[in-house]
There are 2 protein chains.
Amino acid sequence: MSPRANLNRERVLLTALELADAHGYDHLTLAGVAAALGIRLPSLYNHVDGLPGLRRDIALWGTRQLADELRRAAVGRAGSDAIVHVARAYRTFAHQHPGAYTASLQHPSPEDVQLNAAAGEVFDVVAAVLRPYNLQGDDLIHAMRGLRSVMHGFVTLEHVGGFGMSVDREASFERLLAIYLHGLESSNTGNHLAKLP
Amino acid sequence: MSPRANLNRERVLLTALELADAHGYDHLTLAGVAAALGIRLPSLYNHVDGLPGLRRDIALWGTRQLADELRRAAVGRAGSDAIVHVARAYRTFAHQHPGAYTASLQHPSPEDVQLNAAAGEVFDVVAAVLRPYNLQGDDLIHAMRGLRSVMHGFVTLEHVGGFGMSVDREASFERLLAIYLHGLESSNTGNHLAKLP
DNA sequence: TTGACAAAGCTAACATGGTTAGTTTATAGT
DNA sequence: ACTATAAACTAACCATGTTAGCTTTGTCAA
């Protein structure tokens, strides 16, 4: 009757990802995953460490995927061009995988080596793309926080339906990026003179 | 044994607010509220329309409160000064009432007149504070979306623990505001000179 | 080929949370 | 003092998550 459904942790994860992206991360249930896989709920525990474990797996996948796509967007570009492309990739990922994106936001427990490593990769891409601006010490941190705030804020307000008016959202995003980059450059003119390549 | 606990919808709301702010909006449960009030769970249904109703009440309170504090911060100020003060009030509110702030983000159903009105008040304050910039048509919408993204993005990343490094967060926020405002002003120099159409 | 073992599925049982129905009781107004 | 209403209660049900323990299946070695 149950001819060994041939599951593994990865197939469970992929199914959970689909559900989380489709119905929202908060509405992800083990019951839903089990139903989608055609097995009973407790059988999931053979592959996944309960709901917290599944959520962690989604977070890890999402964070790695985000880092990957940001890196891909940045490669071969520099300066504001790189930042704009990274920001677009960030937004695209958040739209294509709202569930995984939401999962990736929960800050990892300090013991979770893999998840912290993945988060570090995202961090590194953003840091790398801001490097040409020659920001010193805390200024780099401020700039990274600012850029992440801009990207995350826009994307989540979009996702939550916070932008009611029927005005082109791409245009709003591009405008916001332009404004942030312009402000970043002029706030930094002194350092900017000492440029590199 | 149960000498009529003297409850009403407002006292239930206040208790729920405390719990949501203390333990997070997602962890708010009717069971927790009932326990805090010293009554049994089903008795709550005399005051509140289930968990969805309670959440809506929190959202309404939060949105009204936010509108109120933003208005208070803006009064008597103009230009970038007003914007900075509104942004600080936004951040302060989100910190003091993380639960209510989270609740206020869910976009109201179209039939909910009160909640839509409150959301409109927030909208109006942000619009008012950007008025001196003489933004035409869609440009005002773009600017409002940008400002809300900046404020919301920073505040939620803070709340989720997204800013790991031990660098002063106030400073990061002020820096971000300055950058955004600088970019906004210079992106708009043309219009700024030609004051009215 | 077969038999033992581990893994993967299952059922059963329990906890917590939300919800509804129906009952009792406190209190306010007549 | 009496009654009507509103506020509390108990009981019951459903969904989800979790654990324990049983059964089946697939594989690998004797």
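Since the structure is predicted, the reported quantities are computational estimates derived from the model, not experimental observations. Chain naming here is simple, since letters A, B, ... match the order of the sequence lines and numbering starts at 1 in each.
Atom CG in B/L30 sits about 14 Å away from atom P in D/dC9, given to the nearest Å. Between the P atom of C/dG17 and the CZ atom of B/R55 lies a distance of 13 Å, rounded to the nearest Å. B/N6 places its CG atom 9 Å from the P atom of C/dT27, with the value rounded to the nearest Å. Atom NE2 of A/H27 and atom P of C/dG18 are 14 Å apart (whole Å). Rounded to whole Å, atom P of D/dC14 lies 17 Å from atom CG of A/L41. Going from atom OH of A/Y45 over to atom P of C/dA12 covers 19 Å, rounded to whole Å. Counting to the nearest Å, the C1' atom of D/dA15 and the CG atom of B/L51 are 14 Å from each other. Whole-Å rounding puts the B/R40 CZ to C/dT23 C1' distance at 15 Å.
Between A/Y90 and A/F173, the ring center distance fails the sub-6.0 Å criterion.
Donor-acceptor pairing under 3.5 Å is lacking for the side chains of A/Y180 and B/H182.
Ranking C/dA21, D/dT16, D/dA7 by closeness to the B/N46 side chain, first place goes to D/dA7.
Both B/P42 and B/N8 sit near DNA chain D, but only B/N8 has its closest nucleotide nearer the 5' end.
Side-chain nitrogen and oxygen atoms of B/H47 include at least one within less than 4.0 Å of the OP1 or OP2 phosphate oxygen of D/dA8. Within the structure, every side-chain polar atom (N or O) of A/S43 is placed at least 4.0 Å from both OP1 and OP2 of C/dA8.
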Requested in this report: For side chain to side chain contact (heavy atoms under 4.5 Å, CB included), just list the numbers for A/L70 and A/L66, CA-CA rounded to whole Å, side-chain angles, deciding distance to a tenth of an Å, and then say yes or no.
Outcome: CA-CA 6 Å; A/L70 294 189; A/L66 178 60; 4.0 Å; yes
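B/D68 and B/R72 are joined by a salt bridge, as a carboxylate oxygen and a charged side-chain nitrogen come within less than 4.0 angstrom of each other.
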